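Here's the structure, in structure tokens; my notes come after.
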Amino acid sequence: MKARSTFFTEKNRTKIQNNSEGTEARQYILDSVKKWDDMSMDELWDLMFNSELVRSHQVLTNGWCPACKEVVTHWQWLKDPFNKPWKKICPHCSEAFPKNDFYKYYLSGLDEHHEFRHALADRSLLYNEEAPDPNDPKHTFGVDDGNGYFEGETRWLFIANYLIEDRWYAQVFEGIKTLARAYLLTGDKRYARKCGIMLDRVADVFPEFDFYEQGWMYEARYCSRGYVAYWCDIVRELQFMLFSYDAIFEAIKDDEEFVSYLVGKSEKYKTPCRKKSFKDIQINIETRIFKDAVGEKWKIEANFPWADNYVLFTKLVLSRWPAKKEDMNDGVYKVMWWAIEPEIKNVIKVSTKANGLSGEKGITGYSRIALDEVAKLITYVSLFDDKFFENILKLYPQIREGINFYMNAWMACSFYPGCGDGGGCDAKKGIPFSMGYELFKGFDSTMLYSFESFLWRLYKATGDMNILRYMYNSDNFKTEKMFITDFTLESKPEELQKEYLRLLETNGTELEQHSTNADVWKLALLHSGKGANRRSAFLDYDSGGVHGHNDGMSINIFAKGMIFMPDLGTPPHHRGGGWSSRFYYWYRSAAAHNTLIVDQREHRDYCYVQR
């Protein structure tokens with residue numbers, strides 16, 4: 001069991017507070033946290049639900065509003081869980097669904113453990129509050145008991161979707177993450193206490209969640225894995241919950257008010273892990289959330305290396321590391337590091353095996369995941385070992401090759417090849433990596449890492465100015481926003497921005513690109529001309545693979561700010577049928593690409609890297 005914070009040491013917490021002073025990011029978090037800070041500890045504890053209720057990532061994929069009949073698809077339903085709880089809102093007519101008071105129904109079904117059971121719930125509460133008279137033809141209109149509202153064979157999963165999008169993601173997960181951030185920025189233990197209460201309550205019920213048995217995806221059951229949400233989301237949510245726990249650990253371990261509150265809740269509701277002390281709370285959180293996901297890794301297997309990184313981070317965060325880094329060479333700590341170091345190196349090796357990338361297709365989307373995760377892993381481990389960054393670059397030069405791949409694949413500095421799930425027709429003068437600021441208000445930010453800070457460290461280690469030019473020429477890397485969410489750098493953001501601009505002014509801003517053959521990834525890239533006369537072309541010479549298309553020998557040409565032979569890009573899996581729809585298969589087919597078809601036969605799914 002852990003004895004202290006792993007990544008959020010006192011030194012790093014102090015650096016975060018000092019470097020964040022006066023920043024927009026700091027103010028945004030402190031404004032955002034008020035929603036949870038205004039809630040009592042009981043209200044925060046009550047936010048988490050149990051696995052009896054099914055969940056769905058969609059209300060109705062190709063759906064419409066039952067009231068106004070206007071089309072409302074996939075992610076178009078509006079949400080306002082803090083002001084209109086237990087309701088999904090039509091973006092056209094503003095009607096809120098379900099029409100029954102689901103919260104009252106939910107409360108009527110709580111058992112002795114404060115967990116919902118359909119068998120206990122009062123079904124007389126399942127009526128349209130706008131039509132309470134049983135004789136009113138609209139008496140049951142829009143009513144959802146948690147399993148959906150039906151009209152004939154059409155099912156709207158209002159509550160099932162609310163539980164994932166509004167309750168779990170917008171209130172529970174976001175609450176844990178935002179409260180932890182607020183604590184790091186201010187040192188106010190009130191935020192840490194509330195974050196810890198939410199984590200402990202999640203732990204009470206977390207192992208019983210199984211999205212395969214309990215979840216809906218594109219109106220189908222038994223087609224995806226996960227816990228509360230499906231694998232692609234939950235694996236990343238777990239990672240940030242883990243870092244939130246590490247962030248608050250030293251504030252809650254000696255907090256008597258925190259411990260007393262959860263001991264009382266455990267006694268009252270007979271929680272699965274009975275709590276008498278902080279150690280019991282620690283066991284509950286560490287074992288029933290984080291270690292459970294390590295043991296049930298099949299639930300979170302995802303795009304490589306998300307799940308593997310999660311397992312690594314869990315071992316790093318939950319291990320009992322020494323208080324001082326210099327003690328790492330002593331006895332048991334050295335053995336602990338020897339045990340985890342090969343796993344770190346294996347993630348890096350597999351993530352960079354195809355010209356610096358994992359080989360997963362979809363250059364503008366899925367291909368970048370492994371490179372981004374490797375950058376994150378190296379950054380975090382460097383907090384342990386000051387020499388790790390420099391040493392790992394020498395050991396795995398493929399890391400730098402992956403960055404060069406993306407530099408050279410940037411066609412005319414405006415487009416990326418559409419190989420696999422990605423691409424499209426629009427000129428997006430941006431690179432397919434997000435700067436820290438873009439992610440800060442969304443999903444992926446821990447205050448320890450941003451992609452631009454990784455590239456800055458890479459420049460410092462290599463002296464390659466092209467790394468800085470790559471960011472400068474991208475519309476989605478704004479100089480005034482760079483470095484402002486990674487608060488563990490040695491200098492304040494504005495100081496780094498000034499140095500960055502000075503280097504570019506001295507050495508020039510035009511990105512140097514080279515014609516190259518990515519022989520493992522199977523992509524040939526051709527560049528010619530300078531400035532406005534840049535011209536580029538590519539040949540994709542394999543077919544299929546993870547997130548790949550049947551696009552063997554497809555070509556494209558880029559010039560004059562235009563893409564001459566556009567690829568359709570990512571299939572519309574949000575259409576009816578999801579990943580099995582005819583739309584999905586058409587987008588992946590050879591006929592939908594700029595290539596040859598012989599005797600009307602589909603291309604083989606032949607991917608050199610993944611065969």
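Values in this document were obtained by computation on a predicted structure and should not be read as measured data.
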Hey, are [Y] and [X] close enough side-chain-wise for a donor-acceptor pair under 3.5 Å?
X      : Y      : answer
His547 : Asp421 : yes
Glu373 : Asn309 : yes
Arg535 : Ser528 : yes
Tyr541 : Asn517 : yes
Glu401 : Asn355 : yes
Glu237 : Trp168 : yes
His527 : Ser536 : yes
Thr488 : Asp486 : yes
Gln17  : Arg26  : no
Asp372 : Tyr449 : yes
Tyr169 : Asp233 : no
Ser453 : Ser450 : yes

Greater than 12 external heavy atoms within 6.0 Å of Met553's CE:
no
How about Tyr406: does its OH atom have over 12 heavy atoms from other parts shown lying under 6.0 Å from it?
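It does: Tyr406 OH has more than 12 such atoms within range.
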Answer yes or no: is there a donor N or O on one side and an acceptor on the other, between the side chain of Gln513 and the main chain of Met407, under 3.5 Å?
yes
For Asn476 and Ser434, indicate whether the former's side chain and the latter's backbone hold a donor-acceptor pair under 3.5 Å.
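No; judged by distance alone, with no hydrogens or angles, the pair does not exist.
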How close do [X] and [Y] get, heavy atom to heavy atom, and via which atoms?
X      : Y      : answer
Cys419 : Leu523 : SG-CD1, 3.7 Å
Asn303 : Glu360 : ND2-OE2, 2.7 Å
Cys232 : Trp306 : SG-CZ3, 3.8 Å
Trp521 : Asp542 : O-OD2, 3.9 Å
Ile16  : Ser20  : O-OG, 2.7 Å
Pro432 : Tyr416 : CD-CE1, 3.3 Å

Apply salt bridge (charged side-chain N to carboxylate O under 4.0 Å, His left out) to residues Glu512 and Arg469 and explain how you reach the verdict.
CA-CA 8 Å; Glu512 297 175 5; Arg469 295 178 184 127; 3.8 Å; yes
Find out whether the Lys NZ or Arg CZ of Lys361 is both under 6.0 angstrom from the six-membered ring centre of Tyr366 and within 45° of the ring's axis.
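Negative - Lys361 is either too far from the ring of Tyr366 or too far off its axis.
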Would you please indicate if the ring centroids of Tyr227 and Phe211 are separated by under 6.0 Å?
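Distance test on ring centres: not under 6.0 Å, no.
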Step-by-step side chain to side chain contact (heavy atoms under 4.5 Å, CB included) determination, Val311 to Lys297:
CA-CA 9 Å; Val311 172; Lys297 189 166 175 269; 3.8 Å; yes
Check step by step if side chain to side chain contact (heavy atoms under 4.5 Å, CB included) holds for Ile431 and Phe477.
CA-CA 8 Å; Ile431 59 179; Phe477 274 68; 3.7 Å; yes
Whether Lys345 and Glu341 form a salt bridge (side-chain N of Lys/Arg under 4.0 Å from carboxylate O of Asp/Glu) is what I want to check.
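Salt bridge present between Glu341 and Lys345.
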Between Phe313, Phe389, Phe388, which is the residue that forms a ring pair (Phe, Tyr, Trp, His ring centres under 6.0 Å) with Tyr380?
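So, applying the ring pair (Phe, Tyr, Trp, His ring centres under 6.0 Å) to Tyr380 and each of Phe313, Phe389, Phe388, only Phe313 qualifies.
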Show your working on ring-ring contact (aromatic ring centres under 6.0 Å, His included) between His549 and Tyr587 and close with a plain yes or no.
CA-CA 8 Å; His549 294 179; Tyr587 270 61; 7.8 Å; no
Could you go step by step and tell me if Glu24 and Lys481 meet the salt bridge (charged side-chain N to carboxylate O under 4.0 Å, His left out) rule?
CA-CA 9 Å; Glu24 180 184 345; Lys481 301 290 187 183; 2.8 Å; yes
